[in-house]
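Computed over heavy atoms, backbone and side chain alike; hydrogens, waters and symmetry mates excluded.
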Amino acid sequence: MNSLYHPVSIGSLNLDGNIFLAPMADFSDASYRSICADCGMDFGYTELISSEALVRDNKKTFEMMRRAPNEKAYAVQIFGSLPETMARAAEIVQKETRCECIDINCGCPVPKVTKTGAGSVLTREPEKLYSITRAVVQAVDVPVSVKIRTGWDSKHITFKECAQAAIEAGAKAITLHGRTAVQGYGGSADWNSIKELVEYVNGRICVFGNGDVKTPQDAQRMLTETKCDGIMIGRAAQGNPFIFKRVREYLTEGTISEISMSESLSMGFKEMQLLADSIGEKAACLKMRGRFSNYIKGFEGAKELRLKVIACSTQNEFKEILQQYL
């Protein structure tokens, strides 16, 4: 299995490994990417960032692009429906962040995004996907990647057309989430579509797989069955940054470390402090209600603890409830 874990390149960007953190709205912020980097993440993506907000100089949006101090490299993901706006936003991203890669979101199924003509609605319009990607590629001098879904719905499977458009536009990598836009996050991801895309692309650019990688064994199966160049882990990493360490261990050594509740909570407290330093204690604690719920998920007494955790408003309150488990 050792060969399944290996370096990858996105254009001129060389990465030591092929296990990535997916872009997730309100989750893959700098604080959490920092935690994941500590736990073996090879590369991380910011949460999706509005191109419109960037060109309008929205200060909160600029904060969302912040790099974690321990990230050797990272990607900023942007979304939008207008090539000229996306190009301008990409210029701003490169100037303000010095990120190593810009990713174009063509996969988000949330109505707030798709109703603007962005996100997964672009899978219905490969020509528009081309125009947007081309505009971004021409605007910056860092590699550009694209994240898509298999199509809009089961009757409109367009991932090959979208991949071709991205390649012709100059994208250096493509990530396929094996679900349609209509599926959202329901049902099962179609890994066969990832395999088909790998065969279709035939080495012209890197192909990364996304969807339903929940365990180290899932990671091994996706890499083996689809022959994709790397995997992107999303929801399974929420409150579980250790998944990156465990996947790497399994792929290279065939073993899987057990994580104790104490280890999990310690990482949660570290994340809370990083968030508090970044956005203030009040906002950090509001976020950590849900995040600590994920950190304790699966452990004995988690249900009762969750009821207490979601009522916490200060760091001391979290500590009073959870300290005894450290």
* Assess whether ring-ring contact (aromatic ring centres under 6.0 Å, His included) is satisfied between Phe292 and Phe269, documenting all intermediate values. => CA-CA 9 Å; Phe292 263 121; Phe269 279 114; 5.1 Å; yes

* **Any donor-acceptor N or O pair under 3.5 Å, side chains Glu249, Ser257** => yes

* **Heavy atoms of other groups near Lys287 NZ, more than 12 under 6.0 Å** => yes

* Heavy-atom neighbours of Arg306 CZ exceed 12 at 6.0 Å -> no

* Asked: Should the heavy atoms of other residues, nucleotides or ligands under 6.0 Å from CD of Glu300 be counted, would the total exceed 12?
  -> no

* To do: Scan side-chain atoms only and decide if Asn70 and Asp38 contain a donor-acceptor pair under the 3.5 Å cut-off.
  => yes

* Asked: Under 3.5 Å, side chain of Thr46 to main-chain N/O of Gln77, donor-acceptor pair present?
  -> yes

* To do: Consider only side-chain heavy atoms of I, L, V, M, F, W and Y, link residues closer than 4.5 Å, and tell whether Val144 and Val207 are in one cluster.
  => yes

* Give a yes-or-no answer on whether the side chains of Gln164 and Tyr200 include a donor-acceptor pair shorter than 3.5 Å. => yes

* Exercise: do Glu320 and Asn316 side chains pair donor with acceptor under 3.5 Å -> no

* Asked: Do Ser131 and Glu127 touch side chain to side chain, with heavy atoms closer than 4.5 Å?
  -> no

* To do: I would like to know whether Ile102 and Val140 meet side chain to side chain contact (heavy atoms under 4.5 Å, CB included); could you show each step before the answer?
  => CA-CA 9 Å; Ile102 292 177; Val140 298; 3.8 Å; yes

* Asked: Is it the case that one hydrophobic cluster holds both Met272 and Leu305, taking links as side-chain heavy atoms less than 4.5 Å apart, direct or via other members?
  -> yes

* Over-ring placement of Arg66 relative to Phe62, 6.0 Å and 45° cut-offs -> no

* To do: Would you confirm whether Asp218, through its side chain, and Thr215, through its main-chain N or O, come within 3.5 Å as a donor-acceptor pair?
  => yes

* Side chains of Ser145 and Asp103, donor plus acceptor under 3.5 Å -> yes

* Asked: Between Glu225 and Lys195, is the closest basic N to carboxylate O distance under 4.0 Å?
  -> no

* Polar side-chain atom of Ser81 near backbone of Thr116 as donor-acceptor pair, under 3.5 Å -> yes

* Asked: Can you find a side-chain donor-acceptor pair between Ser278 and Glu63 that sits under 3.5 Å?
  -> yes

* To do: Apply ring-ring contact (aromatic ring centres under 6.0 Å, His included) to Tyr32 and Phe27, showing your working.
  => CA-CA 7 Å; Tyr32 195 63; Phe27 214 95; 5.1 Å; yes

* **Cationic N near anionic O, under 4.0 Å, Arg291 to Asp29** => yes

* Are Val76 and Phe79 connected in a single hydrophobic cluster, I mean Ile/Leu/Val/Met/Phe/Trp/Tyr linked by side-chain heavy atoms less than 4.5 Å apart? -> no

* To do: May I ask you to say whether Glu100 pairs ionically with Arg67, meaning some side-chain N is under 4.0 Å from a carboxylate O?
  => yes

* **Candidate pair Lys308 and Glu304, rule salt bridge (Lys or Arg N to Asp or Glu O under 4.0 Å), full reasoning** => CA-CA 7 Å; Lys308 297 177 181 179; Glu304 294 75 14; over 6 Å; no

* Neighbour count above 12 (heavy atom, 6.0 Å) for Lys128 NZ -> yes

* Assess the side chains of Thr224 and Gln220: does a donor N or O sit below 3.5 Å from an acceptor N or O? => yes

* To do: Answer with yes or no whether the side chains of Arg248 and Tyr5 bring together a donor and an acceptor at under 3.5 Å.
  => yes

* For the pair Ser264 (side chain) and Tyr295 (backbone), establish whether a donor and an acceptor sit closer than 3.5 Å, ignoring hydrogens and angles. => yes

* Can you get from Ile10 to Val201 by hopping between Ile, Leu, Val, Met, Phe, Trp and Tyr side chains that sit under 4.5 Å apart? -> no

* Can a donor-acceptor pair be found between the side chains of Glu263 and Ser266 at a distance below 3.5 Å? -> no

* From Val146, Asn210, Thr150, residue fulfilling side-chain contact (heavy atoms from CB on, under 4.5 Å) relative to Leu176 -> Thr150

